[in-house]
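These notes are about the structure you will find just below.
So you know, we letter chains A, B, ... as the sequences are listed, proteins then strands, and number each from 1.
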Amino acid sequence: MRKPNPQKLIKVFNNWTLAIKNVSSPHQALVLYSQMHRQSVPFNSFSILFTLKSCTPLRNPSLVAHLHCHILKLGFVSHVYVATSLLNAYVVSCFDDACKLFDEIPERNIVTWNTMITGYSRSGDVNKAYAFFKAMTLRDVASWSAMIAAFMNNWKWNCGLSCFREMVANERLKPDEVTVGAVLSGCAHVGSLGLLAGRSVHAFIAKNGWNLTVEIGTVLVDMYAKCGLLKYACIVFNAMQQRNVMTWTALISGSAQHGYSDEAVSFFEAMQEAGVKPNEMTFTGILNACARKGLVKEGRKYFDMIEQYGLQTRIHHYGCMVDLYGKAGLLEEAYRVIGTMKVEPNVVIWSSFLSACKDHKQFQMADRVIKQVMETVKPESDGGVYSLISDLYVLNEKWDDAERVRKLMVNQYVRKTRGSSFIRS
DNA sequence: CGGATTGGCG
């Protein structure tokens, strides 16, 4: 990896603000920012804006608070752009602080309000987001897109769709790529429930003669694939002029999700032939495909490929492997995978392993992990894994143990979020 | 001289 060199940027631009704008990491931006401070270079709104923007993805509340102090001292809170950018930084790191800041901002504009809609959306309070949306005297395309996304992300996909329809009906508003992107990713999120809506959005795109850009094409492919209409996903995919990793990943993951494992494998191979480099999510998709159909040999090959591509092996990847070996009855292998993990196993991993033990009646294998599972997973945080353990004891005719575990389960009606799909093989 | 905040990472 190349070492960042902020000094060089100053020489290149001979201008602190432009140097900050052109950094490639938040760290570089902060180095330049603190140097400006030390050398008493006067700040302007631009230098603060670029620093904020580059640090926002870090989602570090204390860093944001630190920058907030500087902004207060320099008197830039009254600058709408700076204040809004700061608000956005709080929205993604600490929403409570964002709310406090919003009340203190002396001058707000549409963008400031839009940022709050997204904030409430992210915190799961779609009603509050809608209250803000309604309270606005003027709304632009971004306001509508943010509101639609808020509905979609909070499972109010029918509200999101009627919001989109309302927008389309309004002559003065023109939905753009981001708007339909929000609608379509919402449709994809709810699976086949969103298919009808997704198709109507596709019709909208076609009717208006929009170009099938990479972004639009990818969300369409994702929507159709997640809804189980692989055929339509392929039609869109083939019609696209350009495709990127996300396009391929949408196709692969969608196929895997609906049990089209062989297709997923072919798509993965075709992607490699096309010279597109897979990312971590691509591997989650292809490993998921292998797990569903018991493609052990292929799964192992792809799993090893992750590091060959210089990517990190994430917990999802391990989860797929445990699932793959577990479903195939190779419990010893699954157990070995858990042992080699570089991160702590989570409840998903344990559930997957234990349910494989249950299916294959491998009680002694389950016994090797039960103690550890019960130590790391609290019964109130996940009842599902406790009922699995109890089931295993019952099947093994260890009635006392089964009873002991059952008593630990405080709430048997644990609500579980699950994907919805009517089209499932 | 210039250089701007928001809506979407599948």
message: Could you check whether the side chain of A:S185 and the base of B:dG10 have a donor-acceptor pair of N or O atoms closer than 3.5 Å, going by distance alone?
response: no
query: Can you say whether the rings of A:Y90 and A:H68 are parallel (under 30°), tilted (30 to 60°) or perpendicular (over 60°)?
result: perpendicular
message: Applying a 4.0 Å non-hydrogen cut-off, can you work out what A:V221 is touching in the nucleic acid: base, sugar-phosphate, or nothing?
response: nothing
query: Across the strands shown, which category fits A:M116 at heavy-atom distances under 4.0 angstrom: base, sugar-phosphate, nothing?
result: nothing
- prompt: Could you state the CG-P distance from A:L86 to B:dT6, rounded to the nearest angstrom?
  reply: 12 Å
- prompt: Does the aromatic ring of A:F46 sit over the six-membered base ring of B:dG3, closer than 5.5 Å centre to centre and tilted less than 30°?
  reply: yes
- line: A:N44 has its side chain closest, among B:dG3, B:dT5, B:dT6, to B:dG3
query: Under 4.0 angstrom, heavy atoms only, what part of the nucleic acid is A:D140 near: base, sugar-phosphate, or nothing?
result: nothing
message: For a quick check, tell me whether the side chain of A:S85 and the base of B:dT5 share a donor-acceptor pair closer than 3.5 Å.
response: no
A:Y81 side-chain proximity, nearest of B:dA4, B:dG3, B:dG7: B:dA4
query: Got a second to check how far A:L251's CG is from A:S266's OG, nearest 0.5 Å?
result: 10.0 Å
message: Could you tell me how far apart A:I71 (CD1) and B:dT5 (C1') are, to the nearest whole angstrom?
response: 12 Å
- request: In whole angstrom, give the distance that lies between atom CG of A:L101 and atom C1' of B:dT6.
  value: 14 Å
- prompt: Rounded to whole angstroms, how far apart are CE on A:M36 and C1' on B:dG3?
  reply: 13 Å
task: Measure from the side-chain heavy atoms of A:S145 and tell me the nearest of B:dG7, B:dT5, B:dG8.
output: B:dG7
statement: Taking B:dG8, B:dG10, B:dA4 as options, the one with an atom nearest any side-chain atom of A:V178 is B:dG8
- request: Find out whether the Lys NZ or Arg CZ of A:R108 is both under 6.0 angstrom from the six-membered ring centre of A:F102 and within 45° of the ring's axis.
  value: yes
- prompt: Given B:dA4, is OP1 or OP2 found less than 4.0 Å from the side-chain N or O atoms of A:K53?
  reply: no
query: Nearest of B:dG3, B:dG10, B:dT5 to any side-chain atom of A:T249?
result: B:dG10
message: I'd like to know if A:E298 and A:K293 make a salt bridge, using a cut-off of under 4.0 Å between side-chain N and carboxylate O.
response: no
query: Can you tell which of B:dG7, B:dG10, B:dG3 lies closest to the side chain of A:T179?
result: B:dG7
- request: Could you state the atom-to-atom distance from CH2 of A:W113 to P of B:dG7 in whole Å?
  value: 17 Å
query: Contact class for A:T17 vs. all strands (heavy atom < 4.0 Å): base, sugar-phosphate, or nothing?
result: base
- prompt: Heavy atoms under 4.0 Å, any strand shown: does A:N22 hit a base, just sugar-phosphate, or nothing?
  reply: nothing
query: Just how far, in rounded Å, is C1' of B:dC9 from CD of A:E177?
result: 16 Å
query: How would you label the contact of A:A149 with the nucleic acid (heavy atoms, under 4.0 Å): base, sugar-phosphate, or nothing?
result: sugar-phosphate
- prompt: Above 12 or not: heavy atoms from other molecules or residues under 6.0 Å from NE2 of A:H66?
  reply: no
- prompt: Do the charged groups of A:E215 and A:R243 touch, with an N to O distance under 4.0 Å?
  reply: no
message: Within this structure, what is the CG-CD1 distance for the pair A:N288 and A:I252, rounded to the nearest 0.5 Å?
response: 12.0 Å
query: OP1 or OP2 of B:dA4 sitting under 4.0 Å from any side-chain N/O of A:K21?
result: yes
message: Below the 4.0 Å mark, does B:dT6 have OP1 or OP2 next to a side-chain nitrogen or oxygen of A:N88?
response: yes
- request: When you get a sec, tell me which of B:dG7, B:dA4, B:dT6 is the closest nucleotide to the side chain of A:S45?
  value: B:dA4
- prompt: Between B:dA4 atom P and A:I110 atom CD1, what is the distance in whole Å?
  reply: 20 Å
message: Output the rounded distance in Å from CZ (A:F43) to C1' (B:dA4).
response: 17 Å
